[in-house]
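Please read these numbers as outputs of a predicted model, since none were measured by experiment. Worth knowing before you read on, the calculation uses all heavy atoms, side chains too, and leaves out hydrogens, waters and symmetry mates. Both counts, for ligands and for their atoms, begin at 1 and track the order of listing.
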Amino acid sequence: MRTVEWHNGQVRMIDQREIPWKLVTVDLPDYQAVAEAISNMTVRGAPAIGASAAFGMALAARNSSATDLAGLLADLEQAAQVLKASRPTAVNLAWAVDRLMDIARSGEFSNPDDLREALLKIAQQIADEDVAINKRMGQHGAALIKDGDTILHHCNTGALAAVDWGTALGVIRAAHEQGKQIHVLLDETRPRLQGARLSAWELEQYGISYDILPDTAAGYYMQKGEISIAMVGADRIAANGDVANKIGTYQIAVLAKENNIPFYTVAPTSTVDLSLASGTDIPIEQRDPGEVRAPYGNAIVPDHYKARNPAFDVTPNRYVAGIVTENGIARPPFEDSLRRAVAGESL
Ligand code: MRU
């Protein structure tokens with residue numbers, strides 16, 4: 001089953017807020033509902049929100065009552081703005097919306113229905129490509145994992161974070177399917193617990209051996225020599241290889257270097273933002289502090305206690321051993337290797 005798909009003229013997605021307790025889907029009738037599902041994290045993970053936004057644009061086109069191209073384009077500009085604002089850090093979202101808007105603005109279409117059809121086709125293509133790209137990353141990245149390895153993983157980067165298969169967890173799954181005996185240590189990933197709730201749920205299904213760790217335990221196991229490699233996803237990668245990913249990634253990368261453990265990120269080239277020279281300009285989403293005080297409504301402290309909730313951090317490129325893309329593994333200096341990967345060159 002895909003995390004997000006077009007279904008009978010609506011966008012169907014798995015409601016990730018219910019996992020691991022229930023596997024349910026929601027059907028969204030308009031782009032506003034898709035934008036809301038992205039902000040409230042019904043769907044999350046950089047590639048999954050990119051595909052969701054693409055389908056959201058197709059919905060906006062379908063629902064628009066415009067009878068001429070100018071009217072349809074105006075409705076699409078409005079939808080693009082709302083969808084892009086739904087979450088700021090993962091560049092896949094803007095990348096997918098821009099891909100559809102480029103078609104809408106191209107002047108190639110003489111009637112609105114042809115454009116509507118073309119937009120749905122491109123959204124579907126983005127979703128299908130995502131699965132194929134993840135499988136290619138899986139093959140490239142699996143070469144980094146040896147028989148007997150224990151892999152430290154942060155957040156959820158599996159099928160749920162993409163349309164299917166996944167990025168870092170997709171690499172781990174590919175290594176498992178190659179018959180390698182591996183064990184995965186899953187950071188629980190406070191405050192929304194994507195590691196404990198979503199990654200563990202996925203590994204249960206794939207039959208991959210794992211333990212959930214409190215986020216604070218990663219250093220302990222590194223010091224004990226129990227971790228062979230750290231592997232995470234990314235929400236946006238700057239031209240110099242600085243990596244924005246789920247909050248807590250930076251401290252893992254620093255601890256990994258201190259303990260001589262290679263730290264890799266796995267991301268499609270749609271996550272690379274060559275317009276940003278370094279990670280300092282990556283916008284970091286600040287979420288509701290209520291998620292820290294009361295994760296999933298379970299209060300840890302009274303409501304009036306002060307809290308902060310940055311959703312992502314930036315890991316400087318000096319901590320990154322390599323970036324696994326669909327075109328191979330980018331290595332330092334990243335300015336050169338990432339540019340070549342984005343241009344479609346095999347690394
Ligand atoms: O806030 P989330 O759950 O959307 O954050 C997700 C991550 O940080 C993932 O590591 C990233 O999107 C890459 S997933 C393929």
Side-chain angles (χ1 to χ4, degrees), residues 3-4 13-17 19 37-53 86-96 127 130-131 133-138 141 152-174 186-199 201-202 215 230-237 243-253 263-273 279 282-288 291-292 295-296 309-315 320 323-326:
T3 300
V4 54
M13 52 179 66
I14 294 175
D15 187 343
Q16 301 194 30
R17 298 166 307 173
I19 289 177
I38 294 172
S39 337
N40 70 23
M41 295 176 67
T42 300
V43 64
R44 33 67 52 202
I49 64 178
S52 301
S86 58
R87 283 193 88 189
T89 303
V91 76
N92 307 61
L93 200 163
W95 168 87
D130 186 62
V131 183
I133 282 171
N134 284 343
K135 292 203 169 159
R136 278 162 63 192
M137 291 192 296
L152 180 71
H153 177 267
H154 195 62
C155 194
N156 170 262
T157 64
L160 290 168
V163 176
D164 198 355
W165 197 261
T167 61
L169 224 47
V171 166
I172 290 168
R173 190 170 166 187
L186 296 172
D187 283 341
E188 60 178 350
T189 318
R190 296 229 164 201
R192 291 194 63 103
L193 303 167
Q194 291 94 327
R197 294 167 54 253
L198 308 178
S199 295
W201 181 81
E202 288 197 33
D215 294 327
M231 223 174 235
V232 303
D235 287 83
R236 194 184 297 224
I237 300 173
V243 174
N245 191 50
K246 179 52 51 197
I247 193 73
T249 301
Y250 171 47
Q251 58 205 37
I252 290 168
F263 172 93
Y264 283 91
T265 187
V266 183
T269 51
S270 54
T271 302
V272 180
D273 185 351
I282 298 177
I284 299 296
E285 178 184 11
Q286 304 292 323
R287 292 189 63 85
D288 179 359
E291 293 180 342
V292 176
Y296 295 92
N309 190 13
F312 300 96
D313 59 25
V314 175
T315 298
V320 181
I323 299 173
V324 181
T325 73
E326 70 272 26

Spacing of [atom1] belonging to [X] relative to [atom2] belonging to [Y], to within rounding of 0.5 Å:
{"X": "Thr157", "Y": "Asn134", "atom1": "OG1", "atom2": "CG", "value": "9.5 Å"}
{"X": "Thr265", "Y": "His154", "atom1": "OG1", "atom2": "NE2", "value": "11.5 Å"}
{"X": "Ile49", "Y": "Leu93", "atom1": "CD1", "atom2": "CG", "value": "4.5 Å"}

Surrounding CD of Glu291 (heavy atoms of other residues, nucleotides or ligands, distance under 6.0 Å), is the total greater than 12? yes

Closer than 3.5 angstrom, by distance alone: can the side chain of Asp235 be matched with the main-chain N or O of Thr89 as a donor-acceptor pair? no

Could you list, one pair per line, each nitrogen or oxygen of ligand 1 together with any protein nitrogen or oxygen closer than 3.5 Å, giving atom names and the distance rounded to 0.1 Å?
residue  : atom   : partner : partner atom : Å
ligand 1 : 1 (O)  : Arg87   : NH1          : 3.4
ligand 1 : 1 (O)  : Arg87   : NH2          : 2.8
ligand 1 : 1 (O)  : Lys246  : NZ           : 2.7
ligand 1 : 3 (O)  : Arg44   : NE           : 2.8
ligand 1 : 3 (O)  : Arg44   : NH2          : 3.2
ligand 1 : 3 (O)  : Gln194  : NE2          : 2.9
ligand 1 : 4 (O)  : Gly45   : N            : 3.0
ligand 1 : 4 (O)  : Arg87   : NH1          : 2.8
ligand 1 : 8 (O)  : Asp235  : OD1          : 2.8
ligand 1 : 8 (O)  : Asn245  : OD1          : 3.2
ligand 1 : 8 (O)  : Lys246  : N            : 3.3
ligand 1 : 10 (O) : Asn245  : OD1          : 2.6
ligand 1 : 12 (O) : Ala46   : N            : 2.8
ligand 1 : 12 (O) : Asp235  : OD1          : 3.3
ligand 1 : 12 (O) : Asp235  : OD2          : 3.0

So that I can tick it off, tell me whether Asp273 and Arg236 are bridged by a salt bridge, with the cut-off set at under 4.0 angstrom between side-chain N and carboxylate O. yes

